[in-house]
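Every number for a ligand or one of its atoms is a count from 1 in the order of the listing. One-based numbering along the sequence shown.
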Amino acid sequence: MIDYKALLKEKLQPLKAEHRYRVFTNLERLVGEAPYALWHKGKNSKKVIVWCSNDYLGMSHNPEVIEAFSKAAQKYGTGSGGTRNISGTNYNHVTLEQTVADLHKKDAGLVFVSGYAANEASLCALGEGLENCVILSDEKIHASMIQGIRHSRAERHVFRHNDLADLQTKLASFDSNRPKIIAFVSVYSMDGDIAPIKEICDLAKQYNAFTYLDEVHAVGIYGDKGEGVSGSLGLSHQIDMIQGNFAKAYGVVGGYITSQEDVVDYVRSYASGFIFTTSLPPAVAAAAQKSIEILKSDSSYREKLWENVVLLKDKLSKSSVRFVNSKSHIIPILVGDAYLCRLLAQNLLENYGIYVQPINYPTVPKGQERLRITVTPAHTPQMINELVSALEAEWNALSLKKAA
Ligand SMILES: Cc1ncc(COP(=O)(O)O)c(C=O)c1O
């Protein structure tokens, strides 16, 4: 007899042995309390400060966004009632699609249940539909993009991270008549670095390639209206497909793509991950719509975020803590060991009420384990000071490698 349970349980052993078994932190993020949250541990709970949320601008607790969500839920109920094709297209989905298209100066948009689904479904459909196509992807693209490319069964080549020379060599090695897709990300979420978008677009033009850009960690934050890095550089028109989501800076959930009308129509008509799943609840679409509208017209959220990012980076640069002084709002703290990374996070949580989730393999390569800190507009200068002091104290206590 096959013991399925034992076979699967055995698979967990290496994760535990390598200190990369995922332990979830059970939180209650209460409206009006951010960046504090209640941490539940067994029967006890304790107030902690969250330093790793992707709710970058605190929009998930924004009163107007909550009101849009609640009103739409009262009006339309909790579920959409079907897939987009079978009774699940609601006025809110259609409006939201026009809004994201407009945000990125594109003809059309398409909304998915998540950013993951948007990437997986769109890249899979593109790779399948463009006959004999080859996909060139940056080595640090998100898992959802990798899965989409794999599922497309198109030939795939990986270029070194943000390495234009490597990308060019690879582009030049294919017949000029062969369809080519360059898949990359604007803000890389684990390193916090930003792609050379203009230069990649120039190469795409030279080699007649289709560009696919993930702006998940950029929309809402970069650009005067939150239009992402490509938009902030005036390059939206040079990207063939821009993908984003509503789950990070917009504080809701769901994903999208924007492109030319016919290209979006192709994905709408062929992408399995779009077609065969129940659409987003209308209330979610209404909340996302409100959040985008707010961040299009009000820069104060972004300004406060950047004030805090600059302050935190400044404090860290005066400490012995090793961190990446990236150009983005994401601040990686480099530990370089899975066990010590977990221990550092645990000590911060238990001794100081500071919550930062450790990031281990396979999210980052082995030896590059880190804490990924995100500050929000709700953090105060005092909280930032206390974070850096606690980090430094624990860093020294664990004899971690000091900043040069
Ligand atoms: C770069 C990138 N793309 C896509 C996604 C998936 O987005 P979502 O969380 O909306 O599924 C993530 C998620 O963290 C991401 O980091």
Side-chain angles (χ1 to χ4, degrees), residues 22 24 29 50 52-57 59-60 93 96-97 100 103-104 109-124 126 135 137-151 158 161-162 181-195 197 200 211-222 226 228-230 239 241-258 267 271 273-274 277-281 284-285 287-289 291-292 326 328-332 356-360 362-364 370 372-374:
R22 290 172 205 262
F24 294 159
R29 296 173 62 243
V50 180
C52 56
S53 174
N54 281 342
D55 186 9
Y56 295 129
L57 299 173
M59 298 306 279
S60 78
H93 298 126
L96 186 56
E97 285 170 346
V100 289
L103 182 70
H104 295 293
L110 196 67
V111 166
F112 295 73
V113 289
S114 69
Y116 188 104
N119 273 336
E120 200 278 336
S122 305
L123 280 166
C124 178
L126 290 170
I135 304 184
S137 58
D138 186 285
E139 69 178 312
K140 293 202 172 170
I141 58 170
H142 189 253
S144 54
M145 301 171 80
I146 297 173
Q147 285 299 80
I149 295 168
R150 278 195 188 135
H151 290 162
V158 177
H161 180 52
N162 284 345
I181 298 173
I182 303 173
F184 65 120
V185 174
S186 61
V187 176
Y188 285 88
S189 75
M190 292 301 147
D191 295 274
D193 55 349
I194 296 179
I197 299 180
I200 291 180
T211 42
Y212 182 101
L213 178 65
D214 175 319
E215 290 257 34
V216 155
H217 292 276
V219 286
I221 299 180
Y222 296 78
V229 182
S230 57
I239 309 285
M241 188 169 282
I242 298 178
Q243 180 267 5
N245 80 348
F246 311 117
K248 306 203 190 279
Y250 292 126
V252 193
V253 73
Y256 66 86
I257 55 161
T258 62
V267 174
F274 171 77
T277 188
T278 300
S279 59
L280 278 183
V284 166
Q289 172 78 27
S291 189
I292 295 172
S326 72
S328 78
H329 59 289
I330 294 165
I331 307 177
V356 200
Q357 190 68 23
I359 310 283
N360 290 334
T363 311
V364 293
R370 62 195 62 189
R372 174 187 178 272
I373 294 199
T374 52

Could you give all pairs that pass the side chain to side chain donor-acceptor pair (under 3.5 Å) test and reach residues 112-124, with sequence neighbours left out? Asn119-Ser144, Asn119-Tyr212, Asn119-Asp214, Asn119-Gln243, Glu120-His151

Return the residue, atom name and 0.1 Å-rounded distance of the protein heavy atom closest to atom 9 (O) of ligand 1. Lys248 NZ, 3.7 Å

Does any N/O atom on Gly115 come nearer than 3.5 Å to any N/O atom on ligand 1? yes

Judging by distance only, is a nitrogen or oxygen of Asn54 under 3.5 angstrom from one on ligand 1? no

Which residue and heavy atom of the protein sit nearest atom 1 (C) of ligand 1, plus the separation: Asp214 OD2, 3.4 Å

Keeping Asp138 on the side-chain end and Asn162 on the backbone end, is there a donor-acceptor pair under 3.5 Å? yes

Check each heavy atom of Asn119 against ligand 1 and say whether those closer than 4.0 Å belong to the side chain, the backbone, both or neither. side chain

Can you name the atoms of ligand 1, numbered from 1 with element, that are less than 4.0 Å from a heavy atom of Tyr116? 6 (C), 7 (O), 8 (P), 11 (O)

When you compare ligand 1 with Gln243, is there at least one nitrogen or oxygen pair between them that comes in under 3.5 angstrom? no

Residue of the set Asn54, Thr363, Asp191 for which side-chain hydrogen bond (donor to acceptor under 3.5 Å, both in side chains) holds with Arg372: Asn54

So if I apply the side chain to side chain contact (heavy atoms under 4.5 Å, CB included) rule between Val111 and each of Asn245, Ile257, Leu96, which one comes out positive? Leu96

Which atoms from ligand 1 have a heavy atom of Asn245 less than 4.0 Å away? 7 (O), 8 (P), 9 (O), 10 (O)

Quick one: are Ile239 and His104 in side-chain contact, heavy atoms under 4.5 Å? no

Give yes if a backbone or side-chain nitrogen or oxygen of Ser144 is under 3.5 Å from a nitrogen or oxygen of ligand 1, and no if not. no

Using ring pair (Phe, Tyr, Trp, His ring centres under 6.0 Å) as the criterion, list what pairs up with Tyr250, not counting sequence neighbours. none

Could you tell me whether His217 approaches ligand 1 through its side chain, its backbone, both or neither, with non-hydrogen atoms closer than 4.0 Å? side chain

What are the two closest heavy atoms between Ile135 and Ile149, and how far apart are they? CG2-CD1, 3.8 Å

For atom 12 (C) of ligand 1, what's the nearest protein heavy-atom neighbour? Residue, atom name and distance, please. His142 NE2, 3.3 Å

Does a donor on one side chain sit under 3.5 Å from an acceptor on the other, for Asp193 and His161? yes

